[in-house]
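Have a look at the structure below, then the notes.
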Amino acid sequence: MNISISLPDGSIREFPSGISGAEIASSISEGLARVALAIEVDGVIQDLSRPINQSASVKILTWNDQGGKSTFWHSSAHVMAEALEALHPGVKFGIGPPIENGFYYDVDLGDRAFGEDDLQELENKMKELAKKDSRYSRREVSKDEAMRYFTEKNDPYKLELISELADGTITFYEQGNFTDLCRGPHIPHTGFIKAIKLLNVAGAYWRGNEKNKMLTRIYGITFPKQKELDEYLHMLEEAKKRDHRKLGKELDLFTFSEKVGMGLPLWLPKGTILRERLEQFMRRAQVKAGYDPVVTPHIGSKALYVTSGHYEKYGKDSFQPIHTPDENEEFLLKPMNCPHHCEIYRSRPRSYKDLPIRLAEFGTVYRYEQSGELHGLTRVRGFTQDDAHIFCRPDQVKDEFIKVIDLVLHVFKSLGFENYTAQVSLRDPDNKEKYIGADDLWDRAEREIQEAADERGLKTVAVKGEAAFYGPKLDFMVRDALGRSWQLGTIQVDYQLPQRFELEYVGSDNQRHRPVMIHRAPFGSLERFVAVLIEHCGGNFPLWLSPEQITVLPISERFNDYAHEVLNTLKVLDIRGFVDARDEKIGRKIRDAEVKKIPYMLIVGEKEAAARQVSVRQHGKGDVGSLPLDEFIHQFRMAAATPDN
RNA sequence: GCCGAGAUAGCUCAGCGGUAGAGCAACGGUUUCGUAAACCGUAGGUCGUGGGUUCAAAUCCCAUUCUCGGCUCCA
């Protein structure tokens with residue numbers, strides 16, 4: 001009996017039933033067969049060796065396919081497990097999946113500490129095992145047999161996994177001396193794995209639960225060619241150069257002090273300029289969008305947060321209350337601005353005609369993040385949100401939400417963020433006690449967010465369990481230089497706080513109604529935004545943000561006067577810069593300015609002073625020629641304009 | 001908070017039981033220079049902090065603070 005196999009190019013071929021993926025690959029070309037790693041059959045990836053018994057559309061997967069890569073890495077995790085077992089008999093295995101770049105395996109090594117030194121040994125063992133070209137063989141086993149095998153092996157983690165599987169769906173994979181509970185699929189044999197690098201060791205809770213035992217997680221990556229590994233490692237090195245913590249130090253943007261306290265950034269003068277430029281940009285955009293700026297204090301009485309519900313939720317894990325001579329008085333450092341803004345709303349009666357009211361504040365807040373969580377500027381304990389709260393009628397929610405999306409997109413576009421993902425963060429339906437508020441309000445808010453995003457044509461990913469405890473969110477996620485994802489902009493619909501604060505407005509029916517609240521922060525926080533911006537542009541900021549836009553470089557001491565004259569002319573026009581009057585040769589001054597990533601270098605000597613010109617050199621581009629100072633100013637101001645609001 | 005790694009001059013790092021080192025930066029001098037590093041010299045550290053072992057500790061041990069990689073968390 002024959003079956004029809006349709007290939008990605010649209011062609012359909014007849015094969016006898018039971019043909020394997022490997023055989024199909026061979027029939028297409030020997031070259032393809034040599035690099036084939038797995039096969040996708042009607043969208044499901046499986047081993048090349050498995051027979052195909054019915055007509056299907058298939059795709060042979062190679063290293064160039066994401067599915068091929070993940071199969072390759074998954075198989076590599078098994079080689080690592082085999083090596084671990086060879087070196088450390090009795091090791092117990094958790095799970096070992098492929099990830100975006102490489103793979104890991106969670107293992108329990110008992111009391112034995114596994115450090116960086118052990119990695120090299122393990123890596124060598126893996127190379128040795130990979131060279132054996134061991135085939136991966138798949139075997140279907142009964143639940144009983146599976147339980148027996150791992151009981152004998154004394155691996156409680158695998159037993160736990162098996163206990164949750166249905167009989168008849170369990171498969172083992174075996175290569176060399178290693179057998180693992182595994183759904184597969186795998187590559188044909190270990191010989192494909194030519195280049196191996198174990199990257200790091202970390203702790204990870206079994207099944208991601210803090211209450212479970214912590215296992216040792218070993219991360220690695222493998223490639224079919226050594227050259228590709230070398231390129232990958234080089235890429236990692238390059239990415240590290242963009243790390244905002246490194247550039248923040250090199251460019252004098254921010255620092256931390258053990259004495260001030262961990263996670264509390266100190267903004268240096270240059271970083272402050274950057275930050276203030278961004279603030280001004282946002283202020284203008286918000287004025288245009290109908291926001292009213294407000295200012296509120298950095299502390300609030302405990303009662304404020306009891307009302308908001310934040311005290312109950314975070315009180316014991318936060319900075320503790322500030323006490324006063326009056327022992328009945330307690331204040332909290334504000335961890336968010338919403339309660340203060342609610343009180344502003346409440347300060348007088350509101351009419352439906354007043355709505356929406358949009359209160360905006362660059363509010364500095366303090367949150368006691370777990371010590372191990374702190375990370376440069378992206379996760380800190382004191383930070384400033386570009387916060388605003390929109391109080392509107394229920395019928396205005398969607399429209400307001402869409403306006404906020406437009407504002408966020410405007411910000412991202414102005415700063416060149418193109419690779420963001422829009423995530424609709426929903427409640428975890430299996431864990432409702434984490435959240436406050438009635439089901440129907442949640443359903444409504446979740447629906448409205450999705451509708452607003454759809455209406456603006458946003459491609460969204462819905463993620464359950466990521467909502468705030470009081471409502472669902474639309475989050476804009478951007479990756480840092482090393483591929484870690486951070487949340488920047490956020491928009492949240494909230495039906496809870498208006499209720500808790502008993503916010504009201506008088507409708508056209510002369511009845512009292514409850515407004516809806518939208519929390520939003522397009523940057524998220526200035527700290528995190530600056531961090532991601534630094535990595536995004538590698539420290540080469542857009543001209544309008546650059547802390548130092550120009551530097552004037554006199555050829556020798558004799559032209560210092562003219563250099564200062566040039567600088568003064570520029571300063572009057574709010575152009576930021578300085579004269580490098582050091583007793584150094586021009587080559588040196590240029591080098592230093594290039595290293596500091598200053599966008600424009602104005603070189604002045606005999607000729608320039610005589611003709612009132614400047615010789616312009618652009619960062620990364622080199623000499624772009626001389627021109628009259630007036631002409632330079634004109635061109636510069638065009639180039640340095642703040643993005644149009 | 002948990003697992004692992006680390007902390008030496010302003011910065012980047014070497015030294016890993018026998019009286020603290022380099023490069024760059026800083027400071028002084030020479031030089032006055034045309035598009036990515038002039039030359040000579042000087043100064044700078046109780047080796048994160050506190051204990052312990054030792055004739056002797058940057059080096060070994062314990063504790064602690066902070067940093068880094070993950071995990072958990074993220075109002």
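Per chain, numbering begins at 1; letters A, B, ... match sequence-line order.
Note on A:Gly622: nothing from the nucleic acid sits closer than 4.0 angstrom, heavy atoms only. Heavy atoms of A:Lys473 sit under 4.0 angstrom from primed sugar atoms or phosphate atoms, though from no base atom. Contacts of A:Glu250 with the nucleic acid, taken as non-hydrogen atoms under 4.0 Å apart, are absent. Among the protein residues, A:Glu608 comes within range of the nucleic acid bases, having at least one heavy atom under 4.0 Å from a base atom. Among the protein residues, A:Glu606 comes within range of the nucleic acid bases, having at least one heavy atom under 4.0 Å from a base atom. Within the nucleic acid shown, A:Lys249 comes within 4.0 Å of sugar-phosphate atoms alone, with no base atom in reach, counting heavy atoms only. Backbone-only engagement by A:Ile586 is indicated by non-hydrogen atom pairs under 4.0 Å involving sugar-phosphate atoms exclusively. Counting any heavy atom pair closer than 4.0 Å across all strands shown, A:Gly587 reaches sugar-phosphate atoms only and no base atom. At the heavy-atom level, A:Lys313 lies nowhere under 4.0 Å from the strands shown. No engagement by A:Tyr104 is indicated, since no non-hydrogen atom pair under 4.0 Å with the nucleic acid exists. Residue A:Ser308 is out of contact with every strand shown, counting any heavy-atom pair closer than 4.0 Å.
Only the P atoms considered, B:G48 is 15 Å distant from B:C13, to the nearest whole Å. Nucleotides B:C40 and B:U59 place their C1' atoms 36 Å apart, quoted to the nearest Å. The separation of B:G29 from B:U35, taken at their P atoms, amounts to 28 Å, rounded to a whole angstrom. Between B:A7 and B:A14, the two C1' atoms lie 15 Å apart (nearest whole Å). Rounded to a whole angstrom, the distance from the C1' atom of B:G45 to that of B:U12 is 16 Å. Comparing the C1' positions of B:A57 and B:G50 gives a spacing of 15 Å, expressed to the nearest Å. Here, B:U42 and B:A22 have their P atoms 12 Å apart, quoted to the whole Å. The gap from the P atom of B:A58 to that of B:U46 amounts to 13 Å, rounded to the nearest Å.
A:Lys589 and A:Glu584 get closest at one heavy-atom pair: CE-O, 3.4 Å. Here the closest non-hydrogen pair linking A:Gly524 and A:Asp386 is N-OD1, 3.2 Å.
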Sequence-aligned protein contact record of nucleotides 63-70 of chain B, with B where the base is within under 4.0 Å of a protein heavy atom and S where only the sugar-phosphate is: --SSSSBB
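Across all strands shown, B:A20 has no partner, as no Watson-Crick or G-U wobble contact with both distances under 3.5 Å is found. Nucleotide B:A75 forms no Watson-Crick or G-U wobble pair with any nucleotide shown, as no partner meets the under 3.5 Å limit on both distances. Within the shown strands, nothing qualifies as a pairing partner of B:U53 under the Watson-Crick or G-U definition with both distances less than 3.5 Å. Nucleotide B:C33 has no partner under the Watson-Crick or G-U criteria, as no pair reaches both atom distances under 3.5 Å. Across all strands shown, B:A58 has no partner, as no Watson-Crick or G-U wobble contact with both distances under 3.5 Å is found. In this structure B:G41 sits in a base pair with B:C27, meeting the Watson-Crick or G-U test at under 3.5 Å. B:A5 and B:U67 make up a base pair, with Watson-Crick or G-U wobble contacts both under 3.5 Å.
Atoms CD1 (A:Ile590) and P (B:C33) sit 16 Å apart, rounded to a whole Å. Rounded to an integer number of Å, the gap from CG of A:Asp580 to C1' of B:A37 is 13 Å. The distance between atom CZ of A:Arg520 and atom C1' of B:A75, rounded to the nearest whole Å, is 17 Å. Atom pair A:Leu215:CG and B:G4:P shows a separation of 13 Å (rounding to whole Å applied). A:Arg591 places its CZ atom 11 Å from the P atom of B:C24, with the value rounded to the nearest Å. We find that NE2 of A:His519 is positioned 16 Å from P of B:C74, with the value rounded to whole Å. Computed from coordinates, the A:Asp623 CG to B:A36 P distance equals 9 Å when rounded to whole Å. Between the CZ atom of A:Arg582 and the C1' atom of B:A26 there is a distance of 12 Å, rounded to whole Å.
For A:Glu210, taking side-chain heavy atoms from C-beta onward, the closest of the listed nucleotides B:C33, B:A75, B:G1 is B:G1. The side chain of A:Glu584 has B:A38 as its nearest neighbour among B:A38, B:A75, B:G1. Distance from the side chain of A:Ser556 is smallest to B:C33 among B:G1, B:C33, B:A75. When the nucleotides B:U35, B:C74, B:G1 are ranked by their closest atom to the side chain of A:Arg617, B:U35 comes out on top.
The shortest side-chain heavy-atom distance between A:Met126 and A:Asn124 does not fall under the 4.5 Å cut-off. No side-chain heavy atom of A:Glu535 sits under 4.5 Å from any side-chain heavy atom of A:Trp486.
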Which atom pairs, donor and acceptor, lie under 3.5 Å between side-chain atoms of residues 490-501 of chain A and protein residues at least two apart or in another chain?
residue: A:Thr490; atom: OG1; partner: A:Asp475; partner atom: OD1; Å: 2.8
residue: A:Thr490; atom: OG1; partner: A:Gln492; partner atom: NE2; Å: 3.1
residue: A:Gln492; atom: OE1; partner: A:Tyr470; partner atom: OH; Å: 2.4
residue: A:Asp494; atom: OD1; partner: A:Gln496; partner atom: N; Å: 2.6
residue: A:Asp494; atom: OD1; partner: A:Leu497; partner atom: N; Å: 3.1
residue: A:Asp494; atom: OD2; partner: A:His519; partner atom: NE2; Å: 2.8
residue: A:Tyr495; atom: OH; partner: A:Arg444; partner atom: NE; Å: 3.4
residue: A:Tyr495; atom: OH; partner: A:Glu448; partner atom: OE1; Å: 2.7
residue: A:Gln496; atom: NE2; partner: A:Ile436; partner atom: O; Å: 3.3
residue: A:Arg500; atom: NH1; partner: A:Thr307; partner atom: O; Å: 3.2

Return all side-chain donor-acceptor pairs below 3.5 angstrom for residues 331-339 of chain A, not counting sequence neighbours, or 'none' if the list is empty.
residue: A:Lys334; atom: NZ; partner: A:Thr296; partner atom: OG1; Å: 2.7
residue: A:Lys334; atom: NZ; partner: A:Pro297; partner atom: O; Å: 3.1
residue: A:Lys334; atom: NZ; partner: A:Asn337; partner atom: OD1; Å: 3.0
residue: A:Asn337; atom: ND2; partner: A:Gln385; partner atom: OE1; Å: 3.1
residue: A:Asn337; atom: ND2; partner: A:Asp387; partner atom: OD2; Å: 2.9

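Cation-pi check for A:Arg381 over A:Tyr368 is met; the charged atom lies under 6.0 angstrom from the ring centroid and within 45 degrees of its normal.
Taking the ring centroids of A:Phe476 and A:Phe417, they lie at or beyond the 6.0 Å cut-off.
A:Lys585 contributes atom NZ, which lies 14.0 Å from atom CZ of A:Arg582 (distance to the nearest 0.5 angstrom).
Between the side chain of A:Arg379 and the base of B:C73 there is at least one donor-acceptor pair of N/O atoms closer than 3.5 Å. Side chain A:Asp583 to base B:C33: a donor-acceptor pair is found below 3.5 Å.
With 3.5 Å as the limit, one finds no donor-acceptor pair spanning the side chains of A:Thr421 and A:Gln423.
Under a 4.0 Å N-O distance rule, the pair A:Arg591/A:Glu594 does not qualify as a salt bridge.
Considering only side-chain N and O atoms, A:Arg367 lies nowhere under 4.0 angstrom from the phosphate OP1 or OP2 of B:C73.
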